[in-house]
Amino acid sequence: MMLKSKIEVSIIVPAYNVEDYIEKCIDSILNQSYKNFELLIIDDGSSDNTADICKAYLKDKRIKLICQKNSGVSNARNKGINMAKGKYIAFIDADDELAENYIEKMLKTLEATKSEMICCSYSKDIEEMKNNNEQENYILSSAEFISQITKNNLEECYIWNKLFIRDIIIKNNIFFEENIIIWEDMLFLLKYILKTKKISTLKSILYYYRTRENSAVNCNESIKKIECKVKVLEEIMKLSIDNENFVKLVKIKYINNLINLLFKSLKEKNLSKENYKKNLEKVKKVRKEIKPSLKNDIKYFYLCFKKFN
């Protein structure tokens with residue numbers, strides 16, 4: 001594909017202590033069939049050799065390395081958004097890899113369908129990605145896309161297998177919440193979707209998602225992580241999403257996470273009487289709205305009848 005003078009795609013890669021994976025990630029980006037992109041690597045205060053590995057690639061003028069003190073993945077992504085010069089933005093995790101035609105196929109389909117976002121399929125098996133030749137794609141409205149999320153899995157609101165339009169992000173002030181350490185991508189994605197009318201979906205597997213035992217997603221949940229989940233779900237409930245099943249799903253997840261937060265906080269003696277009562281009232285209020293059959297009902301009734309010590 002011919003290289004244009006104006007940058008079309010900005011690829012944002014936050015990196016933190018990924019010395020074992022960052023080289024493969026960068027190579028998969030530089031090996032793209034589409035060449036007209038910039039790569040913004042934000043090293044978020046790595047204490048290993050991540051930054052040094054990235055510096056070896058700076059002879060390629062498309063690559064910019066920004067080294068900062070550890071401020072979190074949301075801060076790194078926001079910095080990338082503000083620096084980006086491309087019309088389109090892709091967020092890639094530093095331990096993942098792309099198919100060679102990832103950008104070309106995503107961009108070609110996005111522009112051909114005049115969509116405002118496009119997503120592709122992904123695999124946790126790199127060989128499956130390399131051997132996949134699926135060509136089918138389809139177009140959804142934002143409402144249909146949210147219905148699809150509801151049917152599949154709310155937690156799979158990933159941003160790394162998607163291509164976004166930067167103007168939509170900037171004009172609508174859609175940035176990542178920097179005080180949230182988990183599910184920040186879910187909130188970002190839903191805010192973005194609500195500003196779209198047409199979304200393209202490719203069945204092609206173009207993204208390899210590497211699972212790591214010590215990743216943030218797979219670590220045991222701390223009180224801080226559960227608090228962040230509760231906050232994200234509270235923010236989602238404030239969004240004007242006209243889908244009864246989606247809203248119910250969010251409320252059920254909200255109640256379950258808030259109950260888990262209360263239980264864990266009691267166990268670790270990290271909760272005041274005031275916050276205990278305040279959060280329990282939130283659970284009761286939302287529970288009345290949906291009257292669900294919850295996996296945490298036993299915990300809920302325990303919390304209702306327990307005397308706070």
Side-chain angles (χ1 to χ4, degrees), residues 8-12 74 77-78 80-81 84 86-93 102-103 105-122 134-177 180 182-207 209 228-229 231-254 286 289-290:
E8 287 289 301
V9 181
S10 295
I11 302 172
I12 298 170
S74 292
R77 286 173 177 154
N78 286 340
I81 291 170
K87 180 178 179 180
Y88 305 101
I89 287 180
F91 299 101
I92 307 299
D93 283 358
Y102 174 86
I103 300 176
K105 195 162 188 177
M106 295 272 274
L107 184 57
K108 184 178 180 180
T109 306
L110 182 71
E111 293 186 334
T113 58
K114 298 182 179 178
S115 299
E116 293 138 315
M117 188 183 85
I118 186 167
C119 60
C120 66
S121 297
Y122 69 93
E134 176 65 59
Q135 299 297 318
E136 186 178 353
N137 66 81
Y138 51 95
I139 298 171
L140 300 172
S141 66
S142 57
E144 288 170 334
F145 194 84
I146 288 174
S147 293
Q148 183 172 279
I149 290 172
T150 308
K151 290 176 184 176
N152 294 337
N153 192 339
L154 182 61
E155 279 92 341
E156 290 201 6
C157 288
Y158 305 130
I159 59 167
W160 36 252
N161 63 333
K162 297 173 176 67
L163 199 61
F164 301 87
I165 296 176
R166 185 177 182 273
D167 276 355
I168 293 177
I169 294 172
I170 299 299
K171 288 178 180 178
N172 295 286
N173 196 33
I174 304 171
F175 288 90
F176 294 89
E177 297 284 345
I180 294 174
I182 193 168
W183 287 5
E184 74 291 334
D185 45 358
M186 182 192 303
L187 185 56
F188 176 94
L189 180 63
L190 289 168
K191 286 180 178 179
Y192 185 94
I193 288 170
L194 290 176
K195 299 300 179 183
T196 68
K197 294 181 180 178
K198 188 189 294 186
I199 298 168
S200 290
T201 300
L202 292 171
K203 285 195 174 181
S204 307
I205 299 175
L206 302 174
Y207 194 99
Y209 174 71
C228 286
K229 285 187 174 184
K231 182 172 181 181
V232 167
L233 292 166
E234 284 180 338
E235 291 300 313
I236 291 173
M237 287 191 290
K238 294 176 186 177
L239 300 176
S240 300
I241 297 177
D242 186 20
N243 182 309
E244 187 175 330
N245 291 330
F246 178 86
V247 172
K248 182 175 181 179
L249 176 63
V250 171
K251 287 183 176 180
I252 290 173
K253 288 184 178 294
Y254 173 69
V286 178
E289 293 175 7
I290 56 175

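Note that the coordinates shown come from a computational prediction; the quantities given were computed from them, not determined experimentally.
Counting only heavy atoms from C-beta outward, the side chains of I118 and N137 never approach each other to under 4.5 Å. By the 4.5 Å heavy-atom criterion applied to side chains, I199 and I139 are not counted as neighbours. You'll find the side chain of Y254 stays beyond 4.5 Å of the side chain of I290, heavy atoms only. Inter-residue side-chain proximity for Y138 and K203 is flagged as met; some heavy-atom pair is nearer than 4.5 Å. For the pair L107/Y102, no side-chain contact is recorded, criterion being any heavy-atom separation below 4.5 Å from C-beta on. Under the 4.5 Å side-chain criterion, counting only non-hydrogen atoms from C-beta, I174 is in contact with K195.
To the nearest 0.5 Å, atom CD1 of residue I103 and atom CD1 of residue I92 are 7.5 Å apart. Distance NZ/K87 to CG/L163: 11.0 Å, rounded to 0.5 Å. Taking CG from L194 and CD1 from I241, the interatomic distance works out to 5.0 Å, rounded to the nearest 0.5 Å. Rounding to the nearest 0.5 Å places CG of L202 at 10.0 Å from CD of E136. Taken from NZ in K162 to CZ in F188, the straight-line distance is 11.0 Å, to the nearest 0.5 Å. Note: I168 CD1 to I193 CD1 = 11.5 Å, rounded to the nearest 0.5 Å.
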Practice problem: Begin with the C-alpha distance, continue with both residues' side-chain angles, and end with the deciding distance and a verdict on side chain to side chain contact (heavy atoms under 4.5 Å, CB included) for F145 and T201. | Solution: CA-CA 9 Å; F145 194 84; T201 300; 4.1 Å; yes

Self-check item: side-chain hydrogen bond (donor to acceptor under 3.5 Å, both in side chains) evaluation trace for S147 with N243
Solution: CA-CA 7 Å; S147 293; N243 182 309; 3.1 Å; yes

Practice problem: Decide yes or no on side chain to side chain contact (heavy atoms under 4.5 Å, CB included) for K229 and I180, but give the supporting numbers first. | Solution: CA-CA 8 Å; K229 285 187 174 184; I180 294 174; over 6 Å; no

Quiz prompt | Stepwise side-chain hydrogen bond (donor to acceptor under 3.5 Å, both in side chains) check, Y88 with E111 | solution = CA-CA 11 Å; Y88 305 101; E111 293 186 334; 3.0 Å; yes

Self-check item: Derivation of the side chain to side chain contact (heavy atoms under 4.5 Å, CB included) call for L206 and N161
Solution: CA-CA 8 Å; L206 302 174; N161 63 333; over 6 Å; no

Quiz item: Yes or no on side chain to side chain contact (heavy atoms under 4.5 Å, CB included) for I170 and F175, after CA distance, side-chain angles and deciding distance?
Solution: CA-CA 8 Å; I170 299 299; F175 288 90; 3.9 Å; yes

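The two residues L154 and M186 have their closest heavy-atom pair at O-CE, 3.6 Å. Minimum interatomic distance between I182 and V232 (heavy atoms only, all atoms of both residues): O-CG2, 3.8 Å. Annotation for S10 and G86: closest pair OG-N, 2.8 Å, computed over non-hydrogen atoms.
Using a 4.0 Å cut-off between charged side-chain N and carboxylate O, R77 and E184 make a salt bridge. A salt bridge does not link K198 to E116: none of the charged side-chain nitrogens sits closer than 4.0 Å to a carboxylate oxygen.
Side-chain atoms of S121 never come within 3.5 Å of backbone atoms of I205 as a donor-acceptor pair (strictly under, hydrogens ignored). Side-chain atoms of Y192 come within 3.5 Å of backbone N or O of I165 as a donor-acceptor pair. Remark: side-chain polar atoms of T109 are not paired, donor with acceptor, to backbone N or O of M106 under 3.5 angstrom. Looking at S141, its side chain does come within 3.5 Å of a backbone N or O of E144 through a donor-acceptor pair.
With ring centers used as reference points, F164 lies under 6.0 Å from F91.
Ring pair Y209/Y158 is parallel by interplanar angle, where below 30° counts as parallel and above 60° as perpendicular. Note on ring orientation: taking the six-membered ring where Trp is involved, the planes of W160 and Y122 are perpendicular (angle over 60°, cut-offs 30° and 60°).
Within the structure, salt bridge (charged side-chain N to carboxylate O under 4.0 Å, His left out) contacts touching residues 233-244 (residues at least two apart or in different chains) are E234-K282, E235-K238.
In the model, T113 has a side-chain atom that pairs as donor or acceptor with a side-chain atom of S200 under 3.5 Å.
The environment of K251 atom NZ is dense: over 12 non-hydrogen atoms of other residues, nucleotides or ligands sit within 6.0 angstrom.
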